[in-house]
Amino acid sequence: MVGGKTQERKNRKADLRISFDIREEKNRRVFFFGLVAVSFLLILVYNAFTPMMTDDLTYKENVLRAKSLWDIIHQEAYQYKTWTGRSVNHMILRLFLTGDKWFFNICNSLAFTALTLFMYGNVEHKKKYDIFVYLLINLLLWVFGVSFEQTVLWQTGACNYLWGSTIIMGYLTAFRFCMKNDYDGIYQTAPAIGLLLLGLLAGWCNENTSGGCILFVCIGIAFYVWKNRRVRIWMVSALAGNLTGFLFMVLAPGNANRMQYMEEEHTGLFAVISRWQKCNLAIRDHFFVLIGIAVVAFILIRLQKAKWEKSRNMLIYFFVFTATCYALVLAPEPMGRAYFGAGIFLMVSCVQGIVDVSDMDLYLKALKYSAVSLLTLYFLFDYMDCGANLMRIYRESMERFAYIEEQKAAGSTDITIPLLRPAFQNKYSDAYNSDLSPEDSGYWVNVAYATYFHVDSISALPREEWEDMLQRENLE
């Protein structure tokens, strides 16, 4: 009788525990999707207050001359032959430029949110609906994303880097999903076709990041073959699609043509050493903090004497990050934004390392949550400050566009507009790096504006001088 009551109490406790776990998971799910919605809204606001700039105007002017989708494809084919092989990214850009920017703002915000979810999906050993992990991914992207103003917010740059990285991480997520489920027999057909097509797109996105994607897939297949002594059809099609897209991109005739315009200070061995040093400096400048986080996390994992298997995902992503960075040694003078995709791989490695550090030690657990809380606080203050300046820049940009149209309607073909106020400059706007030149109306940005608005020339002056000019004209 006593034994029966004891068992009954145990069963009641077990039921209460299960009920508590179910409620906790439901609460996490609500908060998780709420955080996803917040992630979308935060980036949407910044997208909405980022005006069109430089290459956006050049490409849009070109796209507006097309009379059909076939004409747009012809335009991209011409660019493939004369300038760059990133046809997937540039077709995305051209299609967006056929419509209003508000549509791009929404889609670009969805792409950013999808990237955060794909990064989340590549982190192992996390809880279901892990709010901590998803929040950390968002914070790392906002705070440490390479050239965020160019790679995420600027329309041309976003289509090249954000969209390219989203496609690549989406492909890697699908590939890992197939690895986990290990489809065989007749169930291989759909994954084989899907990964072939996704792999083709992922390989045709960005030279170094797509190369890192191929490296990750090769490592994944190698581990699988080593463990299981077999290979699946969908693995072969995934890699084949990836390689095919990559070759289409790097073998584009336009790449050879563009190389003619790239100047380099050194030649031969000195050129290689110079490029290597530039990569080292770029890695230090862009990733020192993230590398430090990864190193500390790895040391803590080793001190906790976890099995090496636990750190495999972290180490693979760190290795792919390193290879993706140093692949840029092959380029004479890579732009800083070319490291954006490598940064995505490093962020996944960092988050994986933080997740793999055991929470059994109260101090380590407190350190994790305190650090993320402080980073969240820093981001919120920074977001509000920079957001206010973005709105001011957007207002002035729209005023300039309206003034150009007004002067054009009045018959003026040589127009002078004010430069943006220096006080509004912030790290989330590329408007100042790509503003008009006050000294040279033949500067390529000035020419891009003049071509887009179909006038002879557009010059720029500091706002005070421009206002004085208007007053003199009114007096005359």
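All values below come from the heavy atoms of this structure, side chains included, with hydrogens, waters and symmetry mates left out.
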Can you measure from [atom1] ([X]) to [atom2] ([Y]) and round to the nearest 0.5 angstrom?
X      : Y      : atom1 : atom2 : value
Gln352 : Met119 : CD    : CE    : 12.0 Å
Cys386 : Glu149 : SG    : CD    : 10.5 Å
Ser429 : Met391 : OG    : CE    : 13.0 Å
Leu115 : Thr166 : CG    : OG1   : 4.0 Å
Thr451 : Leu57  : OG1   : CG    : 9.5 Å
Ser147 : His286 : OG    : NE2   : 5.5 Å

Original post:
Does the ring-ring contact (aromatic ring centres under 6.0 Å, His included) test come out yes or no for Tyr317 and Phe216, once each step is laid out?
Top reply: CA-CA 8 Å; Tyr317 265 109; Phe216 184 95; 4.8 Å; yes

Side-chain heavy-atom pair [X], [Y] within 4.5 angstrom cut-off:
X      : Y      : result
Asp184 : Arg230 : no
Phe175 : Leu198 : no
Phe112 : Ser39  : yes
Asp71  : Val63  : no
Asn160 : Arg337 : no
Ile137 : Met347 : no
Tyr120 : Lys126 : yes
Trp163 : Asn108 : yes

Would you find a donor on one side and an acceptor on the other, under 3.5 Å apart, between the side chain of [X] and the backbone of [Y]?
X      : Y      : value
Ser370 : Leu367 : no
Asn426 : Phe424 : yes
Arg232 : Val236 : no
Asp382 : Tyr378 : no
Ser349 : Met314 : yes
Arg275 : Leu330 : yes
Asn122 : Phe345 : no
Lys101 : Thr50  : yes

Tell me whether the count of non-hydrogen atoms from other residues, nucleotides or ligands lying under 6.0 Å of [atom1] in [X] goes above 12.
X      : atom1 : answer
Phe319 : CZ    : no
Tyr394 : OH    : no
Phe288 : CZ    : no
Phe248 : CZ    : no
Lys365 : NZ    : no
Leu35  : CG    : yes

**OP:** Start with the C-alpha distance between Asn181 and Phe177, add both sets of side-chain angles, then the distance that settles side-chain contact (heavy atoms from CB on, under 4.5 Å), and finish with yes or no.
**Re:** CA-CA 6 Å; Asn181 289 278; Phe177 182 81; 3.3 Å; yes

Original post:
Can you check side-chain contact (heavy atoms from CB on, under 4.5 Å) on Tyr171 and Asn242, steps first, answer last?
Top reply: CA-CA 10 Å; Tyr171 164 71; Asn242 225 186; 3.4 Å; yes

Original post:
Hey, mind stepping through Leu239 and Cys218 against side-chain contact (heavy atoms from CB on, under 4.5 Å) and telling me if it holds?
Top reply: CA-CA 8 Å; Leu239 185 57; Cys218 288; 3.8 Å; yes

Considering all heavy atoms, the nearest [X]-[Y] contact:
X      : Y      : result
Ile92  : Cys159 : CG2-SG, 4.1 Å
Asn208 : Ala327 : CB-CB, 4.1 Å
Ile291 : Leu346 : CG1-CD2, 4.0 Å

Subject >> Given Trp142, Phe148, Trp154, the one that forms ring pair (Phe, Tyr, Trp, His ring centres under 6.0 Å) with Tyr46 >> reply: Trp142

Subject >> Short side-chain donor-acceptor distance under 3.5 Å, Gln155 and Asp56 >> reply: no

Would you call the rings of [X] and [Y] parallel, tilted or perpendicular if under 30° counts as parallel and over 60° as perpendicular?
X      : Y      : answer
Trp204 : Tyr80  : perpendicular
Tyr134 : Phe32  : tilted
Trp70  : His74  : perpendicular
Phe96  : Phe104 : perpendicular

Original post:
Is the NZ or CZ atom of Arg312 both under 6.0 Å from the centre of the six-membered ring of Phe223 and within 45° of that ring's axis?
Top reply: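 Yes, cation above the ring, under 6.0 Å and within 45°.
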
Original post:
Quick one: is the NZ or CZ of Lys60 closer than 6.0 Å to the six-membered ring centre of Tyr452, and within 45° of its axis?
Top reply: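 Cation-pi check for Lys60 and Tyr452: fails.
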
Subject >> From CA spacing to verdict: salt bridge (charged side-chain N to carboxylate O under 4.0 Å, His left out), Glu207, Arg86 >> reply: CA-CA 8 Å; Glu207 290 82 1; Arg86 295 181 193 170; 2.9 Å; yes

Original post:
When you look at Asp182 and Tyr224, which way does the side-chain hydrogen bond (donor to acceptor under 3.5 Å, both in side chains) test go after all the steps?
Top reply: CA-CA 10 Å; Asp182 196 15; Tyr224 181 89; 2.5 Å; yes

Subject >> Check ion pair Glu25-Arg29 (N to O, under 4.0 angstrom) >> reply: no

Original post:
Thinking salt bridges, do Lys127 and Glu24 make one under a 4.0 Å N-O criterion?
Top reply: no

Original post:
Taking the six-membered ring for Trp, are Trp83 and Tyr78 ring centroids under 6.0 Å apart?
Top reply: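 Ring-ring flag for Trp83/Tyr78: false, centres at least 6.0 Å apart.
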
Subject >> Residues which pass salt bridge (charged side-chain N to carboxylate O under 4.0 Å, His left out) with Asp359, listed by chain and number, not counting sequence neighbours >> reply: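 By the salt bridge (charged side-chain N to carboxylate O under 4.0 Å, His left out) rule, Asp359 matches Lys368.
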
Subject >> Chi angles and distances behind the side-chain contact (heavy atoms from CB on, under 4.5 Å) call for Phe381, Leu377 >> reply: CA-CA 6 Å; Phe381 280 118; Leu377 190 61; 3.7 Å; yes

